[in-house]
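Each ligand, and each atom within it, is numbered from 1 in the order the structure gives. Remember, it's a predicted structure, so these values are computed and weren't measured experimentally. Atom set for the values below is all heavy atoms of this structure, side chains included, hydrogens, waters and symmetry mates excluded.
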Amino acid sequence: MMPHFELLTAPIGERRPKVVRPGGTVKTYVFRNEGFMSVTAELDVDRVRSQDLDHVWHPMMQHQGMTKDDLMVIVSGDGCEVTDAEGKTYLDAYAGIWNINVGYGRQEIIDAVNEQMQQLAFYPQTQISVPAAQLAAKLAGLLPGDINHVFFVNSGSEANETAIKIARQYGRATHPGENRYKIICRYQGYHGFTMGAMSATGQTGRRSPYEPLAPGFVHVEPPDGAAHGPDEIEQVILREGPDTVTAILAEPIIGGGGVLVPPDEYFPRLREICDKYGLLLMLDEVITGFGRTGKLFASEHWGIVPDVMQIAKGLSSGYLPIGACAVTDRVFDAFKGEAGEHKEFSQVSTYGGHPACCAAALANLDILVGERLWENSEEVGDHLSNRLKEISSPLVKEVRGKGLMIAVELQNEDGTELDGPRTAAFGKALRSAGVITGKMSHVMAGSEPVFTLSPPLILTSEQADKIAAAFVTALREIS
Ligand SMILES: Cc1ncc(COP(=O)(O)O)c(C=O)c1O
């Protein structure tokens, strides 16, 4: 179909009319120096599918046997919903990939980014940028305790990479004569795809093809009910030698590894152990931060302040990529020294603290804090968990989580792990019922029948009911 050109008369700088893209059939270009011009054309979905199949290498997916109709072509999003190119709307109960905390289509964020791009598209962190300074100050006010110093990066992986490097340099700076570099982390934990963050990750399927990984990461069992608690971790520290260990790195609630909520005493005790041996407690709040679990940060559930906190995802709700590693005054001070002492943190990220990303994060935080979305996360999260727990089916092994971070684990009728074909059929049935969820994958062997839920924090009770109803339908289909 020939493009249909439509010239709009609105002058530059005026608020752009919201473009509705029903089923992805409308595409809009804006030519800045000639007023707004929209080009409306039928989207050739089939062509896009072919381009994708021929050229896009998708994450965590087996391409052999893949057809161009296997994946959805998502073309628009609004609130908790996304729409595909065929016009079908889905409730995105995964919020992109655990990150669209304020929901899709927030005009305030789009406008803030637009304004910043017009003002200054880029300048690095080697000098002061207004949105980066404002965002760091805002974060210092929101983060627990005296976590007051922020190093900006572009992703959760980089936030963890940064934390790992800070821990090594800190260990040697604060304990001269010792060689503190080891980091204790947990099996099933996930910290990112880059070499350091992946070495800290404890998920076999994501690690083994890339071994040998970076040395200096010691894995312990994740908390499992009362088993595998902090005492075990203390024993590992003693066996390794406390003078060789610099930090414990952990997700407050292990996310992609299956939503493992620790007992309430777990993190306060880890805090004590870190203090006892002079280790840093580094919490990866990449998923749990910014309201996901019913508090602004998950560490608030247990009243603890980590020494280092890694954040990303909900920091900008995914509107633009940004992550950060934030540290307490004490950690920051360990990097102070005279010129020539080389105590400074020797890392630069070209795009870390990108002005447009910081502007997106600032607007996102205004919404998140203004609407107190962690409260909705707690309330609607409880409602959703209860609805899911009420489902009476021998196939449901466990529903677990906190706030709007929930997992549903399935099993066969005889209590063994739900088999592969039924697990796949269940995922498809959820999709047909109009609900997108996450699914555990490449964490350990087997079918990993754990379906994860992390909808936008604006989810309503009615939408929670719709998610639970989709689970009921999908369970019926595989029963
Ligand atoms: C807990 C946790 N940390 C780190 C990461 C890595 O973040 P990114 O994919 O932005 O690099 C993720 C990603 O899912 C995560 O879940």
Side-chain angles (χ1 to χ4, degrees), residues 58-61 92 94-101 151-167 183 185-203 205-207 210 217 219 222-223 247-262 267 281-293 297-299 306 308-326 349 351-354 357 360-361 364 401-407 436-443 448 450 452-454:
H58 287 276
M60 317 290 302
M61 269 177 221
D92 183 6
Y94 197 29
I97 182 159
W98 315 85
N99 63 339
I100 317 293
N101 289 18
F151 194 101
F152 287 117
V153 290
N154 309 292
S155 65
S157 299
E158 290 177 335
N160 281 302
E161 210 69 41
T162 304
I164 291 163
K165 289 168 69 180
I166 286 175
I183 297 178
C185 16
R186 282 101 45 87
Y187 289 112
Q188 285 187 241
Y190 182 71
H191 300 293
F193 67 86
T194 48
M195 212 59 181
M198 195 177 46
S199 305
T201 292
Q203 305 184 346
R206 293 179 197 226
R207 290 166 52 92
Y210 315 106
F217 295 88
H219 288 85
I248 296 176
L249 167 56
E251 294 163 83
I253 296 174
I254 287 179
V259 184
L260 306 182
V261 184
F267 276 103
L281 180 60
M282 310 205 292
L283 291 189
D284 176 346
E285 292 241 20
V286 167
I287 287 180
T288 54
F290 304 103
R292 171 62 53 210
T293 69
F297 298 98
S299 38
V308 180
M309 194 192 279
Q310 301 85 264
I311 50 179
K313 295 197 190 272
L315 171 56
S316 67
S317 288
Y319 279 70
L320 282 178
I322 182 167
C325 184
S349 161
Y351 297 114
H354 191 292
C357 304
N364 171 62
K402 228 176 177 53
L404 281 171
M405 182 175 180
I406 301 169
I436 299 172
T437 70
K439 181 193 168 293
M440 188 158 135
S441 92
H442 296 74
V443 176
E448 304 178 291
V450 180
T452 49
L453 295 166
S454 67

In terms of atom number and element, which parts of ligand 1 are under 4.0 angstrom from non-hydrogen atoms of V286? 2 (C), 3 (N), 4 (C), 5 (C), 12 (C), 15 (C)

Heavy-atom distances under 4.0 Å decide this one: backbone, side chain, both or neither, for S157 against ligand 1? both

According to side chain to side chain donor-acceptor pair (under 3.5 Å), who are the partners of Q310, at least two apart in sequence or on a separate chain? N160

Could an N or O of ligand 1 be found under 3.5 Å from any N or O of G156, whether backbone or side chain? yes

Looking only at heavy atoms, is any part of Y190 under 4.0 Å from ligand 1, and if so is it the side chain, the backbone, or both, or is it neither? both

List ligand 1 atoms under 4.0 Å from S155, heavy atoms only on the residue side. 10 (O), 11 (O)

So which bit of T194 gets within less than 4.0 Å of ligand 1, heavy atoms only: side chain, backbone, both or neither? neither

Looking at N160, which atoms of ligand 1 are within less than 4.0 Å of one of its heavy atoms? 3 (N), 4 (C)

Please check if the side chain of R186 supplies one atom and the backbone of H219 the other of a donor-acceptor pair under 3.5 Å. no

Sorted by chain and residue number, the ring-ring contact (aromatic ring centres under 6.0 Å, His included) partners of Y190 (sequence neighbours excluded) come out as none

Determine whether a donor-acceptor pair (N or O, by modelled atom type, separation under 3.5 Å) exists between the side chain of K439 and the backbone of E448. yes

Which option, E251, K313, E158, owns the non-hydrogen atom nearest atom 1 (C) of ligand 1? E251

Nearest atoms (heavy-atom pairs only) where R206 meets M60: CZ-CE, 3.5 Å

